[in-house]
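Notes follow once the structure below has been shown.
Heavy-atom basis, side chains included; hydrogens, waters and symmetry copies ignored.
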Amino acid sequence: MPSGSAPVMGVASQIPTSNRSTTVGGLVLKWGKGLPEITTPDNAYSFRMRGRILADYGAAFGSRFPAQNVSRTTLRAARLGVEGNAHQLSWVFEGDYANNQLSVVSAFMTWSDKMAGHLVEYTLGNKFNERSFDGSTGSDQTVFLDRDLVASALLPVKGWYGLGGAFKIFGSNWHVATQITGDDVNSANVTNNVRDDLTYMLRTHYIPWRSKKALIHLGAWGFYEDVKPAATFSQSVRLLARTDDAFGLQFGPMVPLANSMAGGVEVFGIWGPAWGLVEYGARHMKLRDTVPGLTLSPRNLGAQGTEQAFSFQTGAFLTGETPNYFAHTGQWATPRILHPVADGGIGGWEVAARWDWIDATSIPTGGRAWTATIGVNWYLLSFARLMLNYTHADVTNKTGNYIGPNSGNIIGMRSAVTF
């Protein structure tokens with residue numbers, strides 16, 4: 001399997017796994033996350049279905065703009081896919097229905113090998129990018145309903161996925177991931193006969209200290225993108241939740257983006273059932289010098305600016321579980337629950353809090369914002385949970401439909417199952 005397809009605990013855990021296996025006709029059926037994985041006895045060949053269902057509800061209030069005070073439901077993700085391996089070759093294909101759209105997400109193959117005694121992976125296809133701690137984690141495993149502002153704001157134009165090649169190398173307590181991609185497979189570039197946004201990405205993490213109950217994780221990441229010509233450039237950063245797209249930090253439309261360079265650092269720690277994460281990142285953007293047929297004001301031609309984001313989050317399992325950390329690539333993963341509800345237990349209970357900040361005032365028409373979130377997660381099983389978040393946000397916009405200082409709140413809930 002490609003790295004990331006199965007969680008590895010970051011510290012020693014005394015919690016037993018829920019995996020079960022059955023042999024049928026010479027094949028092994030492994031049960032652990034709702035659907036079986038079919039393997040040969042030597043694990044040389046395997047096949048399994050995978051997917052997630054994330055259903056959200058949000059009730060927003062407190063904004064001075066009535067259109068931002070909405071109460072609605074949304075299907076954050078309805079994903080179904082398959083994965084398998086034949087010796088060193090592994091592959092993944094997934095489709096997703098979200099925001100009333102059907103799209104291809106993961107569609108790639110990976111060749112695993114050894115280099116100087118280290119595991120290496122060569123990947124080709126459409127793949128999720130590694131970029132920050134929260135940003136490298138799938139939507140089904142983040143602690144809060146949405147990723148932090150470092151991940152959601154300092155994002156290349158092509159988005160979360162890209163079609164291209166990736167190389168990863170792993171040590172016992174570190175990894176390095178590099179990736180060169182164009183736009184993802186759902187873009188309209190082919191039918192519109194325009195080139196891709198070309199993005200070069202790198203992320204690494206290192207665990208300098210670790211014991212049976214604790215660890216420290218250090219990480220760094222960056223990307224450079226060469227953006228294809230476009231009519232305009234704008235960015236909208238959601239501040240509350242996906243059920244309220246109207247409440248966000250908005251800049252643009254303005255002169256198209258020529259290129260941008262971003263980078264960030266991350267520090268993560270575990271002590272028993274508690275954890276903490278600090279992330280900081282910045283993205284320097286350069287707008288185009290010349291734009292044929294420009295319909296906007298030319299005053300921003302060649303302008304440059306930097307957006308910065310910071311996040312601090314912390315939490316703890318009240319029921320004693322080990323925080324859900326994936327040490328192999330340094331990101332969130334699925335926790336092992338001590339007393340699953342299916343076995344008559346109380347499940348796993350986690351409380352968490354987060355503070356985010358973003359400043360884009362050096363960008364033409366850019367603003368600033370901060371958010372504070374508290375959350376409670378109830379894991380019925382390792383792969384099924386109910387989530388409750390409350391978020392307060394303050395924002396100042398210079399452009400868009402909601403100009404000036406504003407604040408708002410939202411109560412969000414999610415039912416989530418990953419199989």
Query - Residue pair Gln331 / Thr329, side-chain donor-acceptor N/O under 3.5 Å - result: yes
Report summary line: Gln304 meets the side-chain hydrogen bond (donor to acceptor under 3.5 Å, both in side chains) criterion, sequence neighbours left out, with His284
Report task. For the residue pair Ser139 and Arg52, confirm or rule out a side-chain donor-acceptor distance under 3.5 Å. Result -> yes
Requested in this report: Not counting sequence neighbours, which residues clear ring-ring contact (aromatic ring centres under 6.0 Å, His included) with Trp111? List them please.
Outcome: none
Query raised in the report: Using 30° and 60° as the class limits, which term best fits the ring planes of Phe133 and Trp332: parallel, tilted or perpendicular?
Result: perpendicular
Report task. For the residue pair Met261 and Met285, establish whether any side-chain heavy-atom pair is separated by less than 4.5 Å. Result -> no
Report summary line: From the list His118, His205, His328, ring-ring contact (aromatic ring centres under 6.0 Å, His included) partner of His175 resolves to His205
Report summary line: Taking every heavy atom of Trp271 against every heavy atom of Ala214, the minimum-distance pair comes out as CE3-CB, 3.1 Å
Report task. Would you confirm whether Ser46, through its side chain, and Asn43, through its main-chain N or O, come within 3.5 Å as a donor-acceptor pair? Result -> no
Query raised in the report: Would Lys228 and Asp183 pass as an ion pair if we require N to O under 4.0 Å?
Result: yes
Query raised in the report: Just by distance, with hydrogens left out, do Tyr390 and Asn409 show a side-chain donor and acceptor under 3.5 Å apart?
Result: yes
**Report entry** Pairs where residues 373-401 contributes a residue and the test salt bridge (Lys or Arg N to Asp or Glu O under 4.0 Å) is met, not counting sequence neighbours
**Finding:** none
Query raised in the report: Quick check, are the ring centers of Trp275 and His217 under 6.0 angstrom apart?
Result: no
**Report entry** Electrostatic pair Arg414-Asp140, nearest N-O below 4.0 angstrom
**Finding:** no
Requested in this report: Please lay out, stage by stage, how Glu94 and Asp96 fare under the test side chain to side chain contact (heavy atoms under 4.5 Å, CB included).
Outcome: CA-CA 7 Å; Glu94 283 184 313; Asp96 188 39; over 6 Å; no
Query - Non-neighbouring partners of Ser71 that pass side-chain hydrogen bond (donor to acceptor under 3.5 Å, both in side chains), sequence neighbours left out - result: Tyr57
Query raised in the report: Is there a donor-acceptor pair closer than 3.5 Å between any side-chain N or O of Asn85 and the backbone N or O of Ala44?
Result: yes
Report task. Give the minimum heavy-atom separation between Gly347 and Ile337, together with the two atoms involved. Result -> C-CG2, 3.8 Å
Query raised in the report: Tyr45: what forms a ring-ring contact (aromatic ring centres under 6.0 Å, His included) with it, not counting sequence neighbours?
Result: His87
Query raised in the report: Is there a donor-acceptor pair closer than 3.5 Å between any side-chain N or O of Gln68 and the backbone N or O of Ala246?
Result: yes
Query - Residues forming a ring-ring contact (aromatic ring centres under 6.0 Å, His included) with Phe167, sequence neighbours excluded - result: Tyr122
Requested in this report: Would you tell me whether Thr243 and Asp56 have side-chain atoms, one donor and one acceptor, within less than 3.5 Å of each other?
Outcome: no
Query raised in the report: Would you say the side-chain atoms of Arg131 pair up with the backbone N or O of Ala151, donor to acceptor, closer than 3.5 Å?
Result: yes
Query raised in the report: Any donor and acceptor pair, going by atom type alone, linking the side chain of Asn377 with main-chain N or O of Val143 inside 3.5 Å?
Result: yes
Query raised in the report: With distance as the sole test, does Arg195 use its side chain to make a donor-acceptor pair with the main-chain N or O of Val227 at under 3.5 Å?
Result: yes
Requested in this report: Please report the shortest heavy-atom distance between Pro335 and Ser382, naming the atom on each side.
Outcome: O-OG, 3.0 Å
Requested in this report: Using atom types as modelled and distance alone, determine if a side-chain donor or acceptor of Ser103 lies under 3.5 Å from a backbone N or O of Asn186.
Outcome: no
Requested in this report: Would you list the pairs meeting ring-ring contact (aromatic ring centres under 6.0 Å, His included) in which at least one residue belongs to residues 396-418, sequence neighbours left out?
Outcome: Phe65-Tyr402
Query raised in the report: So, for Tyr325 and Phe268, is the gap between ring centers shorter than 6.0 Å?
Result: yes
Report summary line: For residues 360-371, the side chain to side chain donor-acceptor pair (under 3.5 Å) pairs (sequence neighbours left out) are Asp359-Thr361
Requested in this report: Taking side-chain hydrogen bond (donor to acceptor under 3.5 Å, both in side chains) as the test, write out the residues that go with Arg354, two or more places apart.
Outcome: Asp356
Query raised in the report: Can you list the steps and then say if Thr142 with Thr137 is a side-chain hydrogen bond (donor to acceptor under 3.5 Å, both in side chains)?
Result: CA-CA 7 Å; Thr142 54; Thr137 302; over 6 Å; no
Report summary line: Closest non-hydrogen atoms of Leu381 and Pro340, given as atom of the first, atom of the second and distance, are CD2-CB, 3.8 Å
Query raised in the report: Can a donor-acceptor pair be found between the side chains of Gln141 and Thr334 at a distance below 3.5 Å?
Result: yes
Report summary line: Heavy-atom nearest pair, Thr396 first then Leu249, reads O-CD1, 4.0 Å
Query raised in the report: If you measure from the Lys or Arg side-chain nitrogens to the Asp or Glu carboxylate oxygens, is any gap between Arg203 and Glu266 under 4.0 Å?
Result: yes
Query raised in the report: Which pairs count as salt bridge (Lys or Arg N to Asp or Glu O under 4.0 Å) when at least one residue sits in residues 238-250, sequence neighbours excluded?
Result: Arg72-Asp245, Asp146-Arg242, Arg238-Asp245
**Report entry** Which residues share a side-chain hydrogen bond (donor to acceptor under 3.5 Å, both in side chains) with Trp221, sequence neighbours left out
**Finding:** none
Report summary line: All heavy atoms of Ala107 vs all of Val104, minimum pair found to be CB-CG1, 4.0 Å
Query - N-O pairing of Glu321 and Arg336 below 4.0 Å - result: no
Report task. Give a yes or no on whether the backbone of Ile207 and the side-chain of Asn173 come within a donor-acceptor separation of less than 3.5 Å. Result -> yes
Query - ring-ring contact (aromatic ring centres under 6.0 Å, His included) partners for Phe93, two or more places apart - result: none
Query raised in the report: Between the side chain of Asn406 and the main-chain N/O of Arg64, is any donor-acceptor distance below 3.5 Å?
Result: yes
Query raised in the report: Charged N to carboxylate O below 4.0 Å: is that the case for Glu225 and Lys158?
Result: no
Query raised in the report: With distance as the sole test, does Thr319 use its side chain to make a donor-acceptor pair with the main-chain N or O of Trp349 at under 3.5 Å?
Result: yes
